[in-house]
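Below is one structure; the comments refer to it alone.
The figures here come from the full heavy-atom set of this structure, side chains too, leaving out hydrogens, waters and symmetry mates. If you're wondering where the values come from, they're calculated on a predicted model, not measured in any experiment.
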Amino acid sequence: MQAIILAAGMGKRLGRYTKDATKCMVSVNGKTLIEHTIETLAANNVSRLIVVTGYRSAVLTSFISKKFTASNLNGMKIEYIENTAYNRTNNIYSLYLARNEMIKDDTLLLESDVIFKRELIANLIKNKEKNLAVVSPFESWMDGTCTLLDKDGNITGMLDKAHFKWSDVKDYYKTVNIYKFSADFAKRYYVPFLEAYQKSFGKNEYYEQVLKVLSFLSGTALKAMIIHGDDWYEIDDPADLAIAENRFAKGKEKLTLLQKRYGGYWRFPQIKDFCWLVNPYFPPENMVHELTANFYTLLTQYPSGAAQHSLLAGKIFNVLPEHIAVGNGAAELIASCATMITGKVAIPYPTFNEYPERLARAEIVSVPVHAKNFSYTANDIIKTAHKENVRAVLLINPDNPSGNFLAKKDVLQLCRTLKEQNAQLIFDESFIDFAQKEKRYTLIDEAVLHDNPNLIVIKSISKSYGVPGLRLGVIASADAAYIKKIQKCNAIWNINSFAEYYLQIYDKYKKSYEVACDQIAAERARFIMQLRKLPHVTVFPSEANFVLCRLDGTISATKLATALLEKYNIFVKDLSGKQGFKNGNFIRLAIRDKADNNMLLDALQSILK
């Protein structure tokens, strides 16, 4: 068995990473792509490797010769073919230059910009089929040639971009750009068609086009070897590189890289996300269909300005439009609000980091909380507010990440007390809709706002309404001048047309939302009951869509989070670095639906037992 690596391309989209080196010399987690590939081929007893070079050919060949010698190649010999016209041709010409080598032995064909799990090559070589294309079920991030398969795994068609249909993606398998061809297949079919195709269509084409032609011909069956999407990644630009490093990192490094992304986990469809906090029961299917039906219009039209958004939000929450503003997620409103806060601000810790990090002009005073369960009362806050003579109090209710919850009467008493002190209450109720039905309330209420002019209410639409991708939040106050200031802090078009349309149609689905909140409250109760059966776990009360847990055994939060990610593709919030937690033994678990929660419970049971 021999191998051919196509490594002539310039890799322009990688920018600075390929300024002085080739695309395959880009490092993923400390090792270059070409090293990874050559080491894997050598370990699988490939006898001969032909590298087709082009851009920075001398740099690449010198790099390989320094990294690999007879002692670490397991007998594999490396040869080179240079494509001197690399900047005027495409990969069909690079493979054409190696055509005479293809017919000498069974061949593995690889492109140099792919990283893959090492067992892929072993499985490809062991596979009894002589002619194989490695393919992967299509995922939204993928680009390039896709294949169609019959029930026996034969490739019946290959689709380029011109013939790609999003409506049919469930039937598509993306080419991984790794193949196995027998010498007979290359001699009888591939090389003759390669020569003919290039002669007819020129050198600036792709070798997959030849496979596309062959897939329509009988007697030249090319079968597929299907692998999972997390077994490989193609690197074309810096964003791809970052994702590849996430996918192929190990241990704590994998967890750390994933945490630093702060979202975008749709690029990792294999991962179950128990870290970020979203309602799994809303929006309903009909609402999604309505948004989808209006996709083109919303995509191609500007959104309205802030005044219209306030009208829509006012309708949803039954408050005057001058008393409410809409933000690009609660995060934008937190940042705008924070610019107007000076003096001392009392905050119970631990808390949501976004608030203290934005309060650059304020002096933060910590409200003492109960050491064993992170609980506190309205009286605890009042004592601190009086003692420190604060200008404002920040209260997230239910609190994040503790889940601590204060009843409406207690919060209103706190607000009245602060009013006497000429202090504001900044009340974040982003998780309050998840509380048990008999405890659930909102302070975005015209009467409440009117009676409490020192009250500012912030609410994330992303979390409880299940649409974090739309980036929506609201801020409410009876002080119309304050709301005007918030709107001036924000951009004139701070939310997009999709978000505006969501606000416009929400009222039609209000009852579904109430049902969804009841569902998550019920599932939280069941989930907590099951969590309390696990060994070495203390589960804290919660009225939010998450649960705070303390690990009482020998495993740390970081080790547990790493094990869940590596063994089960489950991502949980490790709270080791968060202020207010000691000893690194606290995790936060989001509430998902019953099936997902049971999967997490099984994984935790397996690790903790």
Side-chain angles (χ1 to χ4, degrees), residues 3-41 49-68 78-98 108-117 120-121 134 136 139 141-146 160-161 174-179 198 202-209 229 231-249 257 267:
I4 296 174
I5 298 177
L6 302 182
M10 299 175 69
K12 290 181 179 179
R13 283 184 283 172
L14 277 161
R16 62 187 175 90
Y17 294 99
T18 53
K19 181 180 178 182
D20 300 311
T22 67
K23 195 174 185 181
C24 61
M25 291 169 64
V26 170
S27 291
V28 177
N29 299 327
K31 180 169 287 189
T32 64
L33 292 170
I34 194 67
E35 287 177 274
H36 170 84
T37 302
I38 291 176
E39 287 175 1
T40 304
L41 294 172
L49 170 62
I50 300 101
V51 183
V52 182
T53 65
Y55 173 70
R56 299 284 185 184
S57 177
V59 174
L60 177 58
T61 55
S62 175
F63 178 81
I64 294 174
S65 64
K66 289 177 181 178
K67 289 286 183 180
F68 296 97
I78 301 180
E79 302 170 19
Y80 300 95
I81 296 174
E82 184 177 0
N83 176 4
T84 56
Y86 65 85
N87 58 340
R88 303 189 306 276
T89 60
N90 227 312
N91 62 18
I92 194 170
Y93 185 64
S94 292
L95 186 57
Y96 173 79
L97 294 176
L108 301 178
L109 175 63
L110 307 93
E111 292 194 26
S112 65
D113 57 358
V114 177
I115 186 168
F116 49 86
K117 290 185 176 179
L120 187 158
I121 296 299
V134 181
S136 180
E139 296 174 15
W141 59 268
M142 295 174 178
D143 186 26
T145 303
C146 289
D160 54 25
K161 292 180 181 180
K174 171 72 177 71
T175 53
V176 176
N177 299 327
I178 298 177
Y179 302 87
Q198 187 189 226
K203 300 176 181 179
N204 200 22
E205 293 286 336
Y206 296 92
Y207 66 79
E208 292 95 338
Q209 294 296 102
D231 290 342
W232 69 287
Y233 207 83
E234 183 178 5
I235 301 172
D236 288 322
D237 54 46
D240 287 337
L241 178 57
I243 291 170
E245 289 189 324
N246 278 135
R247 288 196 176 206
F248 287 88
L257 287 171
R267 296 294 300 266

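- Under the 3.5 Å distance criterion, the side-chain polar atoms of S27 are left unmatched by any main-chain donor or acceptor of G30.
- Contact of the N91 side chain with the V52 side chain is not registered, since no non-hydrogen atoms from C-beta on lie closer than 4.5 Å.
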(request) Check the pair N87 / M10 against side chain to side chain contact (heavy atoms under 4.5 Å, CB included), numbers first and verdict last. (result) CA-CA 7 Å; N87 58 340; M10 299 175 69; 4.1 Å; yes
(message) I'd like to know whether T61 forms a side chain to side chain contact (heavy atoms under 4.5 Å, CB included) with I64, so could you lay out the CA-CA distance, the side-chain angles of the two residues, the decisive distance to 0.1 Å, and finally the verdict.
(response) CA-CA 5 Å; T61 55; I64 294 174; 5.9 Å; no
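- Judged by distance alone, the side chain of T18 and the main-chain N or O of L14 form no donor-acceptor pair under 3.5 Å.
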(request) Starting from the C-alpha separation in whole Å, work towards a yes-or-no answer on salt bridge (charged side-chain N to carboxylate O under 4.0 Å, His left out) for D236 and K23. (result) CA-CA 9 Å; D236 288 322; K23 195 174 185 181; 2.9 Å; yes
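- For the atom pair CD1 (I115) and OG1 (T32), the distance works out to 9.5 Å, reported to the nearest 0.5 Å.
- Looking only at side-chain heavy atoms (C-beta outward), Y233 and I243 come within less than 4.5 Å of each other.
- In terms of heavy-atom proximity, V51 sits nearest to A7 at CG1-CB, 4.2 Å.
- Under the 3.5 Å distance criterion, the side-chain polar atoms of T175 are matched with a main-chain donor or acceptor of T145.
- Listed here is the closest heavy atom pair of D113 and L33: CA-CD1, 4.0 Å.
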(message) One pair to check against side chain to side chain contact (heavy atoms under 4.5 Å, CB included): R56 and D20. What are the steps and the verdict?
(response) CA-CA 8 Å; R56 299 284 185 184; D20 300 311; 4.0 Å; yes
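- What you find for S57 and T53 is that their closest heavy atoms are OG-OG1, 2.7 Å.
- In this structure, CD in E35 is found 11.0 Å from OG1 in T40, a value given to the nearest 0.5 Å.
- Between E111 and Y207, the side chains place a donor N or O and an acceptor N or O closer than 3.5 Å (distance only, hydrogens not considered).
- The two residues L257 and E245 come nearest to each other via the heavy atoms CD1-O, 3.7 Å.
- I235 has its side chain out of reach of V114: every pair of non-hydrogen atoms, C-beta onward, lies at least 4.5 Å apart.
- Classification of D240 and R247 as a salt-bridged pair fails, no side-chain N sitting under 4.0 Å from a carboxylate O.
- The heavy-atom pair separating N29 from A244 by the smallest distance is ND2-O, 4.5 Å.
- In this structure, Q198 CD and N90 CG are separated by 11.0 Å, a value rounded to the nearest 0.5 Å.
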(message) If you apply the rule side chain to side chain contact (heavy atoms under 4.5 Å, CB included), what do you find for L60 with C24, and how did you get there?
(response) CA-CA 9 Å; L60 177 58; C24 61; 3.6 Å; yes
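- With contacts defined as side-chain heavy-atom distances shorter than 4.5 Å, the pair N177/L110 does not qualify.
- Side-chain contact between K174 and E234 is present, with at least one heavy-atom pair separated by less than 4.5 Å.
- In this structure, I121 CD1 and T37 OG1 are separated by 7.5 Å, a value rounded to the nearest 0.5 Å.
- Expressed to the nearest 0.5 Å, how far CG of L109 lies from CD1 of I178 amounts to 9.5 Å.
- Once rounded to the nearest 0.5 Å, the distance linking CD1 of I78 with CD1 of I50 reads 10.5 Å.
- With no hydrogens or angles considered, a side-chain donor-acceptor pair links N83 and S94 at under 3.5 Å.
- Under a 3.5 Å cut-off, the side chain of S65 and the backbone N or O of S62 do form a donor-acceptor pair.
- Ring centroids of F116 and H36 are separated by less than 6.0 Å, placing the two rings close together.
- The number of heavy-atom neighbours closer than 6.0 Å to CZ of F68, taken from other residues, nucleotides and ligands shown, is above 12.
- Between L97 and Y93 the shortest side-chain heavy-atom distance falls below 4.5 Å.
- Contact annotation: the side chain of Y55 never approaches that of K12 to less than 4.5 Å [non-hydrogen atoms, C-beta and beyond].
- Side chains of W232 and V176 form a contact here, defined as non-hydrogen atoms less than 4.5 Å apart.
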(request) Check the pair K31 / E39 against salt bridge (charged side-chain N to carboxylate O under 4.0 Å, His left out), numbers first and verdict last. (result) CA-CA 11 Å; K31 180 169 287 189; E39 287 175 1; 2.8 Å; yes
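- Taking each heavy atom of K117 and F248 in turn, the nearest pair found is N-CE2, 3.7 Å.
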